[in-house]
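Input: a single structure, listed below in structure tokens.
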Amino acid sequence: MQKLDGQIERVVFRNEENGFCVLRVKVRGHKDLVTVTGTVPTINSGEWMTADGEWLTDPRHGQQFKAEQMRMSKPDTLEGIEKYLASGLIKGIGKEYAARLVKTFGRDVFDIIENSSGKLLKVEGIGKLRKDRIKQAWDEQKSVRQIMAFLFSHGVSTTRAFRIHKAYGDKAIEIVQRDPYCLSRDIRGIGFLIADQIAMRLGIARDSDLRARAGLEFVLGELTSNGHCAYVRNDLLSRTGELLEIDLEIIERALDYSIEAKRLILRADIQGRDLIYLPDLYFAEIELAKKLKTLEKGKHPCPAIEFDKALAWVQQKSGIELASAQRAALKTAVESKVMVVTGGPGVGKTTLVNSVLMVLKAKKLRVALCAPTGRAAKRMAETTGMEAKTIHRLLQYNPGTGGFVHNAENPLECDVVIVDESSMIDIVLASQLAKAVPLHAAFIIVGDADQLPSVGPGRVLQDIIHSKTLPVAHLNEVFRQAATSRIITNAHRINQGQMPEFPEGKESSDCYFVEADDPEKALALVGKMVKQSIPKKFHFSAMDDIQILTPMQKGELGARNLNQALQQLLNPRGDEVERFGLVYRTGDKVMQTENDYDKDVYNGDIGRIVSIDSEATELVVDFDGRKVTYDFRELDELVLSYAITIHKSQGSEYPCVIIPLHTQHYILLQRSLIYTAITRARKLVIVIGTKKALNLAVTRADSRERTTTLSERLKEYT
């Protein structure tokens with residue numbers, strides 16, 4: 001082993017996930033900067049590095065020092081201190097303020113920030129606000145670095161140290177030492193395997209009860225993220241046994257303990273199966289069923305009307321003659337307290353909702369309109385001419401309580417609640433919305449039951465319809481005007497298990513198929529179409545109007561790879577920052593991937609990056625006119641969204657949709673997936689890929705079954 005020490009001039013590369021880095025280091029006795037490679041939990045320009053390792057000659061990059069071990073310490077030269085402070089480590093200090101601080105305090109600057117931050121006010125340009133920000137950022141980064149060093153010493157490098165600090169504060173290391181499995185429960189991006197690795201290093205036995213309980217909850221949590229609200233007891237035990245590789249008796253004992261401690265709930269269903277639930281899903285199903293049946297029993301808020309007269313008035317005022325199914329649905333809507341309206345594209349759901357609204361508004365009733373996503377709410381507002389909000393914004397999140405402002409104790413101030421795109425509402429959100437509906441109010445649930453079910457657990461719309469306990473209006477007549485659109489006719493063909501029809505020769509259409517056997521060829525075609533062909537022929541904006549919808553995240557035609565290719569094609573230059581293995585650039589299309597109540601942005605919201613501030617280590621995203629700020633360490637909430645998965649597109653509508661469909665997507669190809677993708681397009685759909693993949697998708701109707709018991713609950717309360 002040889003030794004090497006020097007000052008880090010530049011961090012050329014750093015893998016945030018495993019800590020591997022390439023450094024350029026100023027070493028005494030070396031005229032040029034030395035390249036050093038190795039792994040380390042945290043690294044910043046300006047730091048002093050001591051390393052043990054060996055000299056190697058890389059065929060491409062020449063001589064470099066491969067470090068087996070690296071130790072970092074704060075710099076003690078004025079030049080190093082300035083570099084360190086200017087590295088982006090501390091929010092509020094960029095190059096300019098780093099120079100001013102070093103000029104004012106010299107080598108004492110670290111001690112001043114740590115112990116006498118009031119003296120920072122002596123520096124020109126630093127007021128109380130910036131002084132407080134610098135001190136807070138200094139304390140925070142110190143804590144985050146300690147967490148990273150602790151995890152690193154237990155064989156784990158993680159970019160999630162900031163999230164761990166945010167969740168547990170200064171007690172983070174103590175909490176993790178007590179129960180490392182809390183990381184997989186509480187911290188997004190840290191799975192069971194990482195927590196298990198730390199637990200093993202901390203000496204927790206493979207067959208310990210703590211590990212068995214954590215494994216059970218993890219497996220059940222994974223199953224709920226696949227849509228299940230509960231899981232059969234014996235199947236859960238065997239799946240956990242496969243993961244943990246320990247005796248089933250230990251897992252059974254852990255399950256009994258978790259049930260007794262009310263961390264899990266055991267209930268038999270009507271088929272006599274023992275089902276295991278996470279408590280929030282168990283109670284969400286019960287509360288939703290109870291509330292829907294309670295609402296149904298009351299008197300409708302709409303005063304008694306002569307329906308035939310009202311119908312004639314609505315038709316005359318709108319200039320639209322309603323079909324028989326729409327007329328029946330309108331009658332139900334003004335008589336039943338709870339109802340469902342379902343049907344595919346072009347069957348007149350929007351016309352029906354507008355007709356219902358005309359009657360309700362004429363009777364001076366207060367109506368609240370909502371939908372699960374921002375885009376769906378925006379579209380609802382456009383089609384009704386009334387204000388529509390996302391469910392989250394309608395219920396108003398309260399950061400103080402961690403719940404919603406509107407709930408059973410403080411219901412919404414309205415007489416009717418209409419929720420659209422309800423196929424994508426999971427059981428928890430559906431329960432929270434229903435709780436906030438006042439007892440006197442009517443509740444109208446609108447959606448297409450043939451679309452993909454919600455990303456979250458449950459199958460709310462399908463279960464309500466399946467229970468046959470509430471009035472349901474099935475609209476299935478495709479209107480003449482809609483029948484001229486191949487998008488709509490093909491959507492209905494797919495739904496009936498028939499192959500879609502595409503134009504032949506030079507026939508114009510709004511729905512095309514382009515053959516591409518090879519995924520590489522398909523990828524090149526997508527790029528060419530987005531950048532040139534579609535904007536030129538159809539006058540759509542490549543950035544604003546065209547959306548790529550793909551079945552999967554991974555693979556050559558998966559969202560990740562498509563996004564990198566399209567970013568390079570459509571937005572190759574601009575201010576940028578690299579985090580979590582992604583490059584974020586000003587002008588990029590990005591999507592929020594989790595509900596962030598503090599920021600008031602939600603899973604599936606799409607926006608554009610408008611600015612990147614390296615000094616403040618912040619990035620600003622514009623979500624339909626709302627500007628939201630992200631710390632660089634929070635960027636794991638955002639992904640590029642030139643291409644998104646079909647699941648993530650639910651509730652949205654785009655002028656033009658391109659759907660890459662290949663047999664490499666085999667595992668996910670199913671009817672509801674391709675049906676959902678095609679119905680997201682307003683004016684143009686292009687499917688690129690193979691007829692074999694399309695045929696597979698159309699013929700496979702087995703949308704993966706979910707274990708839910710909402711339908712049973714509704715029957716119980718009838």
Side-chain angles (χ1 to χ4, degrees), residues 302 307-308 310-312 314-315 317-360 367 369-372 376 379-380 382-384 388 416-425 442-453 459-498 650-651 653 671-672 675-676 678-682 701 703:
C302 186
F307 181 71
D308 290 341
L311 175 63
V314 164
Q315 293 186 144
K317 200 158 187 232
S318 65
I320 297 170
E321 188 174 339
L322 299 183
S324 59
Q326 289 175 313
R327 292 199 290 272
L330 178 60
K331 191 171 194 299
T332 308
V334 294
E335 290 174 357
S336 298
K337 285 282 298 302
V338 180
M339 81 169 294
V340 171
V341 177
T342 189
V347 296
K349 293 194 299 294
T350 301
T351 301
L352 172 62
V353 168
N354 284 335
S355 302
V356 171
L357 287 171
M358 284 169 72
V359 175
L360 299 177
V367 183
L369 302 181
C370 62
R379 200 170 78 247
M380 198 182 188
E382 286 164 3
T383 56
T384 61
V416 182
V417 174
I418 302 179
V419 58
D420 198 6
E421 294 288 356
S422 56
S423 62
M424 63 183 298
I425 305 174
F443 190 24
I444 300 174
I445 301 161
V446 184
D448 183 349
D450 294 312
Q451 286 201 28
L452 285 167
R459 203 186 31 190
V460 175
L461 179 63
Q462 292 92 328
D463 281 354
I464 293 172
I465 294 168
H466 185 250
S467 75
K468 296 183 176 168
T469 61
L470 295 165
V472 178
H474 290 274
L475 304 181
N476 46 29
E477 183 187 331
V478 179
F479 287 94
R480 259 203 317 260
Q481 194 181 347
T484 61
S485 160
R486 268 231 169 93
I487 293 173
I488 288 170
T489 54
N490 278 339
H492 287 279
R493 285 182 68 82
I494 288 165
N495 214 7
Q496 288 150 18
Q498 298 169 354
Q650 287 173 269
E653 205 178 64
R671 190 179 298 168
S672 58
Y675 173 77
T676 299
I678 280 182
T679 55
R680 299 306 88 210
R682 206 160 51 235
S703 176

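Counting from 1, the numbers follow the sequence of the chain as shown. Side chains included, hydrogens not; waters and symmetry mates left out as well; all remaining heavy atoms used. All figures in this text were calculated on a predicted structure; none of them were measured in a lab.
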Query raised in the report: What is the distance from atom CG of Asn354 to atom OG of Ser318, rounded to the nearest 0.5 Å?
Result: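 If we round to the nearest 0.5 Å, Asn354:CG and Ser318:OG are 9.0 Å apart.
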Measure across [X] and [Y] and return the closest heavy-atom pair with its distance rounded to 0.1 Å.
X      : Y      : result
Asp450 : Asn495 : OD2-ND2, 2.8 Å
Tyr675 : Ala491 : CD1-O, 3.3 Å
Gly447 : Lys349 : O-CD, 4.2 Å
Phe479 : Ala323 : CZ-CB, 3.8 Å
Ile445 : Leu461 : CG2-CD1, 4.1 Å
Gln650 : Thr676 : CG-CG2, 4.1 Å

Got a list of side-chain donor-acceptor pairs under 3.5 Å for residues 418-425, not counting sequence neighbours?
from, atom 1, to, atom 2, distance (Å)
Glu421, OE2, Arg379, NH2, 2.7
Ser422, OG, Val446, O, 2.8

Query raised in the report: Do side-chain atoms of Thr383 reach the backbone of Met380 as a donor and acceptor pair under 3.5 angstrom?
Result: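 Yes, Thr383 side chain to Met380 backbone: donor-acceptor pair under 3.5 Å.
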Decide yes or no for [X] and [Y]: does some side-chain heavy atom of the first lie under 4.5 Å from some side-chain heavy atom of the second?
X      : Y      : answer
Leu311 : Leu330 : yes
Val417 : Ile444 : no
Gln315 : Ile320 : no
Ile494 : Arg671 : yes
Ile465 : Gln462 : no
Val478 : Thr489 : no

For [X], which residues count as a side chain to side chain donor-acceptor pair (under 3.5 Å) partner, sequence neighbours excluded?
X      : answer
Arg327 : none
Gln326 : none
Glu382 : none

**Report entry** Listed partners of Lys331 passing salt bridge (Lys or Arg N to Asp or Glu O under 4.0 Å), at least two apart
**Finding:**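 By the salt bridge (Lys or Arg N to Asp or Glu O under 4.0 Å) rule, Lys331 matches Glu335.
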Query raised in the report: Can you name the residues that form a side-chain contact (heavy atoms from CB on, under 4.5 Å) with Gln496, not counting sequence neighbours?
Result: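 Counting only residues at least two positions away or on another chain, Gln496 forms a side-chain contact (heavy atoms from CB on, under 4.5 Å) with His492, Gln498.
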